[in-house]
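Each remark here refers to the structure printed beneath this line.
Order of the sequence lines fixes the chain letters, A, B, ..., with proteins taken first and strands second; residue numbering starts at 1 for each chain. Note that the coordinates shown come from a computational prediction; the quantities given were computed from them, not determined experimentally.
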Amino acid sequence: MNAPSIRDRLYEPPGPKTRRRIAVFTVIALLGLGFLLYLVVRQFERQGQLQPRYWDFFLKWSTWRYLGAGLLSTLKAALTAAVIAIGAGFLLMRGKLNKNPVVRWVSVALIEFTRGVPTLLLIYFFFLVVPRMGVSLGAFWRITLPCAISASGIIAEAFRAGVNAVPRGQTEAALSLGLSNLRTFYQVVFPQAIRFVIPSLISELVIVLKDTTFAYVVSYADLMQNAKVLITSHDSLVSVYLVVAVIYILINYGLNKLSDRMARGGARTAAER
Amino acid sequence: MTQRYPAGDVPVIELKNVNKHYGDLHVLKDISLSVRKGEVVVIIGPSGSGKSTLCRTINRLETIDSGQILIEGVPLPEEGRRLAELRSRIGMVFQSFNLFAHMSVLDNMILAPVSVLKKSRREAREEAMRLLERVGVADQAKKLPAQLSGGQQQRAAIARALAMRPRAMLFDEPTSALDPEMIGEVLNVITELAQEGMTMVIVTHEMNFARRVSDRVIFMDGGMIVEENTPEAFFSHPSSQRAVDFLQSIRTPEAL
């Protein structure tokens, strides 16, 4: 039922000796992990981090509503940034594959620039420099635009890799039937490229989501920012950060799972060729 | 489709002194060739002789450095709409089938007739089914290309080219990627087309087929046309030493 994993494809199935060794190491590893966990919990206990006052406000509905509002803002910013980044990335890819050398050169420069500049630097740019140029942006755009720009170059490269992965014969067949270059790209090449690209697009979305935690710089009330407020009001750094970390992990885990599923779907169609 | 240019005595395909280089390599040396309406020309020769390249220059999948290519008397444009328009009149069948992998066989068939010839979807679909019927893969119409055998894919690819009602067909080693048991079914389809009077240029390694189907054999070696002959003459007493050697080299293994 299960498709063979990469492990199955790379290694031969273990024999009886290896299976025994795997079992022994599994037990040792589990014991080790349990011990580490015990150390962490004991340390928290000693430092008084497990006292009810650090945790009982999580029983209140208002705490979760506040975190929920932050999460919603995070998702809104991440999604907006992702949509903009995908649009910009697509245009940059078209630019880089353009026949016109000027268009190509400008696109390559933009791609390299956006890939090379750290997101935080872009955020400072939109936060500190752009207002001085007389353009005033709200907190939402001050976090969304830099995140989008910083992802666009990587997405452009992902698109380009996908387009290049489509066999040349597909283009030749379309051209030989009299399809224009534009139709060949949009009806034959790109629909096939998109299947290769979706997994890396989703991985990039995870990075965008994590980048939005820089929102505190521009005082945008995202999950991270709201967590900080909770920390101050309840004086409870460890518990709040732990809970928020779990929330981020769950969302990104979900996204990565989705990407795996799509990658498997994509691999299947590619293998059927 | 209405006749857009007078056919008359104008060759369907004409190459005049065509030259092409890959860097220092002179892959097509002063090739001149003309294919009349209804004629079946087979190009054979050792690998690397330029026969595939020659075939691909005819609809400008390969550019040329000098010389001229005329389709029904009209010089092949270098780009744009007019090139696409001329390409649409020359069907091409590839070694690797090249059916569009993301659409069903039927969608493969109707894409170009709808978007290039501006046929209605219904009309295109009817025509497509008729052609698929003719090449014997109508029952596979709803499947993706990957679900078909190589022979079925290639027959569907031939049908896809025919859906454009081409004036001529180019076959670039149409059976070289097929398993042996599927070669026959594809060659039969091509033979039928020849009998119906389709103008064709075929690059192939199938010598018996070449002998049976062709009106004229062109033997290429080292980027040149070395010999141009009737199939009977070429296969029984070729006039050039290189053709003699070539035929010898491919016959020996069978004789052993």
So, do B:Met92 and A:Glu172 sit near enough that their side-chain heavy atoms are less than 4.5 Å apart? no
Within residues 80-88 of chain A, which residues come under 4.5 Å of chain B, heavy atom to heavy atom? none
Measure distances from [X] to the heavy atoms of chain A and classify the residue's part below 4.5 Å as side chain, backbone, both or neither.
X	result
B:Leu83	neither
B:Leu61	side chain
B:Phe100	both
B:Arg160	both

Return the CG to CD1 distance between A:Leu110 and A:Ile149, rounded to the nearest 0.5 Å. 10.0 Å
Which residue out of [options] racks up the most heavy-atom pairs below 4.5 Å with chain A?
options	value
B:Ile90, B:Leu99, B:Asn98, B:Asn108	B:Asn98
B:Gln95, B:Arg60, B:Arg56	B:Arg56
B:Ala161, B:Gly80, B:Ser115	B:Ser115

Any carboxylate oxygen within less than 4.0 angstrom of a Lys/Arg side-chain nitrogen, looking at B:Glu39 and B:Arg36? yes
Before accepting this row, confirm whether a basic side-chain N of the pair B:Glu85/B:Arg81 lies closer than 4.0 Å to the acidic partner's carboxylate O. no
Can you pull the ring pair (Phe, Tyr, Trp, His ring centres under 6.0 Å) pairs that have at least one residue in residues 111-154 of chain B, sequence neighbours excluded? none
Can you check whether A:Phe214 and A:Tyr220 have ring centres sitting under 6.0 Å from each other? no
What about the rings of A:Phe190 and A:Phe159, do their centers lie closer together than 6.0 Å? yes
Under 3.5 Å: donor-acceptor pair, side chain of A:Asp222, backbone of A:Ala215: no
Check whether NZ of the Lys or CZ of the Arg B:Arg155 lies under 6.0 Å from the centre of the six-membered ring of B:Phe97 and within 45 degrees of that ring's axis. no
Scan side-chain atoms only and decide if B:Arg87 and B:Asn59 contain a donor-acceptor pair under the 3.5 Å cut-off. no
Among A:Ser176, A:Ala174, A:Ser180, A:Pro191, which has the most heavy-atom pairs under 4.5 Å with chain B? A:Ser176
